[in-house]
Amino acid sequence: MRVFKFGGASVKNADAIKNIGNIIASSDMPLVVVVSALGKTTNALEAVVNARYDKKDDPLLLLKGIFDDHLSLITELGLDDKELNDCLKDSYDEVIEYLSENDTGEDYDRDYDQVVSSGEIWSSRIVASWLINEGLRCKWVDIRKVLITDTRYRDANILWSETEARVNFVFRAMEADFYLTQGFIGGTAEGMSTTLGREGSDYTAAVIANMLNASEAHVWKDVPGILNADPKWLEDALVMKNLTYREAVEMAFSGAKVIHPKTIKPLHNKNIPLVVRSFMDTGDIGTIIIGDEHENEDLPVFIRKQDQILISILSRDFSFAIGDNISRILSLFYEYGIKANMVQASAVSVAVCADDDGRGIRRLIEELENDYSVIYNTGVEMLTIRQYTPEAIKKVCGGREILVEQKTRRTVQMVVKA
Ligand code: ASP
Ligand code: MG
């Protein structure tokens, strides 16, 4: 069994869907295919939820616009499929009903998951219908009934043994040549929708691969593999033909956007190779992640994390940062769902570089201010260079003001003004 994952870019329009149809049609079975929402749909659905809270735009109007785009895609693909139309309509009505019944706006994260998860349901159902229309024996699975999570909305944790039993029951039933399902979303035992964190579809694919003891997992992307830098940032970026699990997880955690950082562990635990490859150039195998050694050990790898905030937290009474204070501070970050990307402690202060999500971070800062003096810089970015050299550092931060720096033998991380 193999698991394929296709992200938003690979299903962004009719031509893209036809392309992945060709890839699947020419692949060996059995297969579980995991897909994301179409193109930038997740961002658009986030805007629906925000509109409800900010009360600037009409959320229902925004939602209808997104839904209509899906209907247009169905027309463009020439699909005439009652089951498809009914499934989308039911899912759309469910969201509207949820929004009208829960209009107090008391739980942003829960509302978010009920709205945003529909992107994956709609896209995957359309893709399945296209594949069936092409004569493939494909079965569509609603993953919310299989991948069972807790109620930590927007960052849900998978309930492992329950999910493992269901995954094996559903995907081994051999009711079709292959299965098509959604990444990024899950469901609670009570039937609420949940999400696993932005860009979480890779993680879904890895979890399913782990539970099915798959022979390989393939993530199909619009880049030729994993490069040593984002080519939109550094034009001379190179594809790395192979990587270790360790290097891959470090890169992903530092902000390399090619794969979600949570993807590696489930694959590593079962020693399942991860292939990251292009859906545009299918003859090229891309990057293979496996094992403990790789060829490009000395090549500097450049990672940029944008939209960061640097927060300095000082104890008011001069109590030492290390010990109670630091664990308390970091658990508050966790509680507010804010990812701390870099932490540096001195005697009486802690500096944390974190994703600036706007909403949650302000609430966290307010909470911290109850007990500490807090100062922060917004509009900063975090640069990580693995296997750094003096030239590599100069290449990306020559002349820029470095606010915090951390160096180990192989890696340097710097917080700089954007
Ligand atoms: N559609 C979701 C997102 O854009 C999940 C994913 O693409 O992996 O975050
Ligand atoms: Mg996406």
Side-chain angles (χ1 to χ4, degrees), residues 3-13 16-17 20 32-50 62-63 66-67 69-70 73 88 91 95 108-109 111-128 142-144 147 149 152-158 180-187 193-209 217-223 226 230 248 252-253 255-267 274 276-279 305-307 337 339 355 357-360:
V3 179
F4 281 4
K5 180 256 167 165
F6 292 99
S10 57
V11 290
K12 66 172 193 261
N13 54 33
I17 292 175
I20 72 163
V32 175
V33 178
V34 172
V35 302
S36 302
L38 308 176
K40 302 268 176 248
T41 303
T42 304
N43 292 351
L45 289 167
E46 272 184 355
V48 172
V49 189
N50 290 338
L62 293 177
L63 185 67
I66 301 166
F67 188 67
D69 289 344
H70 286 75
L73 177 64
L88 260 62
S91 157
V95 179
Y108 177 88
D109 293 347
D111 292 357
Y112 178 104
D113 282 2
Q114 308 324 302
V115 175
V116 169
S117 57
S118 31
E120 264 66 14
I121 296 293
W122 302 344
S123 72
S124 63
R125 196 60 194 77
I126 293 172
V127 174
D142 183 345
I143 202 74
R144 295 173 301 179
L147 197 144
T149 72
R152 191 177 157 88
Y153 293 107
R154 284 181 73 195
D155 188 22
N157 297 296
I158 295 172
L180 190 124
T181 193
Q182 310 80 40
F184 172 58
I185 69 175
S193 300
T194 54
T195 65
L196 308 175
R198 284 303 307 267
E199 306 302 330
S201 298
D202 298 344
Y203 177 54
T204 304
V207 167
I208 293 175
H218 292 217
V219 171
W220 297 82
K221 312 261 329 173
D222 56 358
V223 287
I226 298 188
D230 179 348
F253 192 80
K257 291 205 196 78
V258 257
I259 39 168
H260 192 283
K262 280 158 85 180
T263 312
I264 300 299
K265 183 175 186 288
L267 298 174
L274 172 62
V276 180
R277 61 193 296 185
S278 165
F279 57 75
K305 231 179 185 345
Q306 294 172 290
D307 302 321
K339 302 239 154 52
D355 294 347
D357 72 339
R359 195 178 293 269

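Numbering of ligands and ligand atoms starts at 1, following listing order.
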(message) In this structure, does ligand 1 have an atom that sits under 4.0 Å from one of the heavy atoms of Gly200?
(response) yes

(request) Using a strict 4.0 Å cut-off to heavy atoms of Ser36, name the atoms of ligand 1 that fall inside it. (result) 6 (C), 7 (O), 8 (O)

(message) Would you say that more than 12 heavy atoms from the other residues, nucleotides or ligands in this model lie under 6.0 Å from the CZ of Phe253, or not?
(response) no

(message) Just so I know, are the side chains of Ile143 and Ile208 near enough to count as touching, which here means a heavy-atom distance under 4.5 Å?
(response) yes

(message) Over 60° means perpendicular and under 30° means parallel, so tell me whether Trp122 and Phe67 are parallel, tilted or perpendicular.
(response) perpendicular

(message) Which option wins on minimum heavy-atom distance to atom 1 (N) of ligand 1: Glu120, Glu199, Arg198, Lys40?
(response) Glu120

(message) Check Lys339 with Asp355, please: is the shortest side-chain N to carboxylate O separation under 4.0 Å?
(response) no

(message) Can you name the atoms of ligand 1, numbered from 1 with element, that are less than 4.0 Å from a heavy atom of Phe184?
(response) 2 (C), 5 (C)

